[in-house]
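I have a structure here, written as structure tokens, and I will follow up with some questions on it.
All values below come from the heavy atoms of this structure, side chains included, with hydrogens, waters and symmetry mates left out. Quantities reported herein were computed from a predicted structural model and do not represent experimental measurements.
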Amino acid sequence: MAKKLYLHIKWDETREKNCSRAGDDGIYDVEINEGDEFKLICHLKKATVTKLTDDEVTLDIPDKGEYILRLNETATIRYSDGHQSCGDWVDERLTYEIKLSDMSLDEYEASLPELDIKDGVLINARPKGEVAVVPEGVVEIGHKAFCETKIKEVVLPSTLKKISWFAFSECRYLKRVTLPDGLESLGFYSFADTGLEDINFPSSLMKIDKCTFQNTPFFEKIENKKFVIFADRFLYLYNGYDDTVEVPDGVEVICSGAFTSRKPDDDYCFRTPKRIILPGSVKRIDEYAFKYMYGLQEINLSGDIDIAPTAFDQSGYKTNYEAFLADKGEKK
């Protein structure tokens with residue numbers, strides 16, 4: 001065999017519990033020869049190269065059997081496990097995409113376009129410089145699109161509507177972002193673990209998910225306030241322990257996890273508010289907004305508020321909320 005061959009192995013580990021997603025992913029390179037054994041990341045057993053030619057490889061994959069890959073073809077291997085944990089169903093999945101290539105991973109990635117865009121969604125970004133310019137026409141920055149890149153600045157298009165989960169997470173050098181008018185949604189952890197120092201909130205913004213700005217200089221400056229409110233409209237986080245909480249007037253959205261996120265040493269089972277007074281300005285309560293609020297007994301809901309079905313999951317108000325829905329002729 002005259003030329004070197006490589007396996008590009010992309011892996012995605014996910015753990016889902018109560019609709020929340022955690023895990024890790026990555027991509028790495030294995031230069032192969034016949035008879036080689038190599039360990040798949042996150043898997044204890046080794047895969048074996050049982051046959052190799054200039055354009056084909058036969059792999060023996062742990063617990064999955066034999067796979068034959070031809071040059072530039074990809075095999076997808078999935079492992080899954082579901083189990084109960086503390087009364088909750090946990091779904092764990094591990095997915096590998098294994099591609100046979102005659103280019104090293106560095107050579108292969110250098111040959112790819114800087115931005116992968118499909119149907120208006122920026123799926124993957126490989127910025128070659130410190131500034132990334134997203135072209136007009138893109139409506140969504142996809143899941144983990146810029147994750148862990150070294151950009152210092154990003155220019156976003158006026159057409160953008162959504163920034164998805166983990167889109168810019170772990171961009172350590174990214175300090176400032178200007179969100180365009182027309183943007184509607186910021187996803188879970190979308191700017192977490194970045195160098196973000198400042199950000200604007202356009203009037204078009206409708207949703208800010210939990211942990212969007214976790215572990216950023218921007219959030220560290222404000223995270224200890226009793227009420228963390230963005231753009232005078234979004235109650236992003238409540239940090240107090242009052243028996244009765246009166247949400248400030250003008251708040252329109254109770255964000256996902258707003259009353260859920262506590263510091264690690266908090267005893268949330270016993271130190272949660274019993275009564276919450278909402279102002280007439282509140283229009284929406286997002287998912288899991290009051291999760292774990294076991295002591296919550298009273299909240300002045302109205303039929304005009306758009307309430308996510310999971311807003312009161314695992315809270316002391318859940319039974320009352322179901323009665324509230326029944327009075328409206330709705331089911332949870």
Legend entry - Cluster link Val121 to Leu186, ILVMFWY, side chain under 4.5 Å: no

Inset, instruction - Measure the shortest side-chain to side-chain distance between Glu148 and Cys171 over non-hydrogen atoms and say whether it is less than 4.5 angstrom. - result: no

Legend entry - Which atom of Leu94 lies closest to which atom of Tyr96, heavy atoms considered: CD2-OH, 3.3 Å

Inset, instruction - Output yes when a side-chain donor or acceptor of Thr216 lies under 3.5 Å from a complementary backbone atom of Phe219, and no otherwise. - result: yes

Legend entry - Donor-acceptor under 3.5 Å (Thr95 side chain, Arg78 main chain): no

Inset, instruction - Kindly check if the number of other-residue, nucleotide or ligand heavy atoms within 6.0 Å of CD (Glu31) is above 12? - result: yes

Inset, instruction - Would you kindly confirm whether Phe201 and Val155 end up in one hydrophobic cluster when ILVMFWY residues are joined by side chain heavy atoms under 4.5 Å apart? - result: no

Inset, instruction - Taking all heavy atoms of Pro202 and all of Pro180, pick out the closest pair and write down the distance. - result: CG-O, 3.5 Å

Legend entry - Polar side-chain atom of Tyr236 near backbone of Thr212 as donor-acceptor pair, under 3.5 Å: yes

Inset, instruction - Could you check if a side-chain atom of Phe168 sits within less than 4.5 angstrom of a side-chain atom of Ile151, using non-hydrogen atoms only? - result: yes

Legend entry - Point-to-point distance, once rounded to the nearest 0.5 Å, from CG of Leu235 to CG of Leu278: 9.5 Å

Inset, instruction - Kindly indicate whether the side chain of Tyr6, heavy atoms from C-beta on, has any atom under 4.5 Å from the side chain of Val30. - result: no

Legend entry - Cluster check Ile277, Phe259: I/L/V/M/F/W/Y, side chain < 4.5 angstrom: no

Legend entry - Side chain to side chain, Thr58 and Tyr67, heavy atoms closer than 4.5 Å: no

Legend entry - Side-chain donor/acceptor of Ser281 to backbone N/O of Val251, under 3.5 Å: yes

Inset, instruction - State whether the side chain of Asn200 and the backbone N or O of Leu179 hold a donor-acceptor pair below 3.5 Å, judged by distance alone. - result: yes

Inset, instruction - Indicate yes or no for a side-chain donor-acceptor contact from Ser101 to the backbone of Met103 under 3.5 Å, with no hydrogens or angles considered. - result: yes

Inset, instruction - Indicate the atoms forming the closest heavy-atom contact of Leu196 with Pro217, along with that distance. - result: O-CD, 3.2 Å

Inset, instruction - Please check if the distance between the ring centroids of Phe188 and Trp165 is under 6.0 Å. - result: yes

Inset, instruction - Give a yes or no answer on whether the side chain of Asp36 reaches the backbone of Asn33 with a donor-acceptor pair at less than 3.5 Å. - result: yes

Legend entry - Pairwise distance OG(Ser190) to CD1(Ile163) - rounded to 0.5 angstrom: 6.0 Å

Legend entry - Phe230-Phe213 aromatic ring centre distance below 6.0 Å: yes

Legend entry - NZ (Lys221) with more than 12 external heavy atoms under 6.0 Å: yes

Legend entry - Any side-chain donor near an acceptor of the partner, Ser315 and Asp313, under 3.5 Å: no

Inset, instruction - Supply the atom-to-atom distance Ile305 CD1 to Asn300 CG, rounded to the nearest 0.5 angstrom. - result: 7.0 Å

Legend entry - Distance-only donor-acceptor check, side chains Glu140 and Ser164, under 3.5 Å: yes

Inset, instruction - Give a yes or no on whether Asp119 atom CG has more than 12 heavy-atom contacts from other residues, nucleotides or ligands under 6.0 Å away. - result: no

Legend entry - Reported CD-to-CG distance for the pair Glu197 and Leu174, which is rounded to 0.5 angstrom: 10.0 Å

Inset, instruction - Show the numbers, then the answer: is there a side-chain hydrogen bond (donor to acceptor under 3.5 Å, both in side chains) between Thr14 and Asp12? - result: CA-CA 6 Å; Thr14 62; Asp12 185 3; 5.5 Å; no

Inset, instruction - Step by step, work out the salt bridge (Lys or Arg N to Asp or Glu O under 4.0 Å) result for Glu56 and Arg70. - result: CA-CA 4 Å; Glu56 188 175 284; Arg70 293 174 179 81; 3.4 Å; yes

Inset, instruction - Answer whether the closest heavy-atom distance between the side chains of Glu92 and Ser80 falls below 4.5 Å. - result: no

Legend entry - For Phe146 against Ala125, the heavy-atom pair lying closest together: CE2-CB, 3.4 Å

Legend entry - Asp243/Arg275 ion pair, N-O < 4.0 Å: no

Inset, instruction - For residues Ser256 and Ile208, determine if any side-chain heavy atom of one lies less than 4.5 Å from a side-chain heavy atom of the other. - result: no

Legend entry - Ring centre gap for Tyr238 and Phe227 strictly below 6.0 Å: yes

Legend entry - ILVMFWY network linking Ile27 to Ile123, side-chain heavy atoms under 4.5 angstrom: no

Inset, instruction - Taking the six-membered ring for Trp and the full ring for Phe, Tyr or His, determine whether the centres of Tyr292 and Phe312 are under 6.0 Å apart. - result: no

Legend entry - Co-membership, hydrophobic cluster, residues Phe38 and Ile98, 4.5 Å side-chain: yes

Inset, instruction - Take atom OH of Tyr173 as the centre, draw a 6.0 Å sphere, and report whether it contains more than 12 heavy atoms from other residues, nucleotides or ligands. - result: no

Inset, instruction - Find out whether Leu156 and Val138 are in side-chain contact, i.e. whether some heavy atom of one side chain is under 4.5 Å from a heavy atom of the other. - result: no

Inset, instruction - State whether the number of non-hydrogen atoms from other residues, nucleotides or ligands found under 6.0 Å of Lys118 atom NZ is greater than 12. - result: no

Inset, instruction - Measure from NZ or CZ of Lys318 to the centre of the six-membered ring of Tyr294 and say whether it is under 6.0 Å with the direction within 45° of the ring axis. - result: no

Legend entry - Any donor-acceptor N or O pair under 3.5 Å, side chains Thr194, Glu170: no

Legend entry - Over all atoms of both residues, closest heavy-atom pair of Glu287 and Thr310: CB-OG1, 3.1 Å

Inset, instruction - For the residue pair Val154 and Val134, establish whether any side-chain heavy-atom pair is separated by less than 4.5 Å. - result: yes

Inset, instruction - Would you name the heavy atoms of Ser204 and Gly182 that are closest together and state the gap between them? - result: OG-N, 2.8 Å

Inset, instruction - Assess whether atom NZ of Lys64 is packed by more than 12 heavy atoms of other residues, nucleotides or ligands within 6.0 Å. - result: yes

Legend entry - salt bridge (Lys or Arg N to Asp or Glu O under 4.0 Å) evaluation trace for Arg126 with Asp116: CA-CA 9 Å; Arg126 308 171 191 86; Asp116 282 346; 2.8 Å; yes

Inset, instruction - Using the ring of Tyr288 (Phe, Tyr or Trp, six-membered ring only), decide whether Lys291 places NZ or CZ under 6.0 Å from its centre and within 45 degrees of its axis. - result: yes

Legend entry - Pairwise distance CG(Leu100) to CG(Leu71) - rounded to 0.5 angstrom: 5.0 Å

Legend entry - Trace of the salt bridge (Lys or Arg N to Asp or Glu O under 4.0 Å) decision for Asp209 with Lys207: CA-CA 6 Å; Asp209 272 343; Lys207 186 177 179 65; 3.5 Å; yes

Legend entry - Asp286 CG to Phe234 CZ distance, which is reported to the nearest 0.5 Å: 9.0 Å

Legend entry - Side-chain donor or acceptor of Arg233 paired with backbone N/O of Met206 under 3.5 Å: no

Inset, instruction - Check whether any side-chain N or O of Asp29 sits under 3.5 Å from a backbone N or O of Leu105 as a donor-acceptor pair, and report yes or no. - result: yes

Legend entry - Residue pair Asn320, Ile299: steps toward the side chain to side chain contact (heavy atoms under 4.5 Å, CB included) verdict: CA-CA 9 Å; Asn320 290 337; Ile299 182 171; over 6 Å; no

Inset, instruction - Give the intermediate values and the outcome of salt bridge (Lys or Arg N to Asp or Glu O under 4.0 Å) for residues Lys144 and Asp25. - result: CA-CA 10 Å; Lys144 288 190 174 181; Asp25 62 10; 3.3 Å; yes

Inset, instruction - Give a yes-or-no answer on whether the side chains of Lys99 and Tyr108 include a donor-acceptor pair shorter than 3.5 Å. - result: yes

Legend entry - Gln297 side chain to Tyr317 backbone, donor-acceptor under 3.5 Å: no

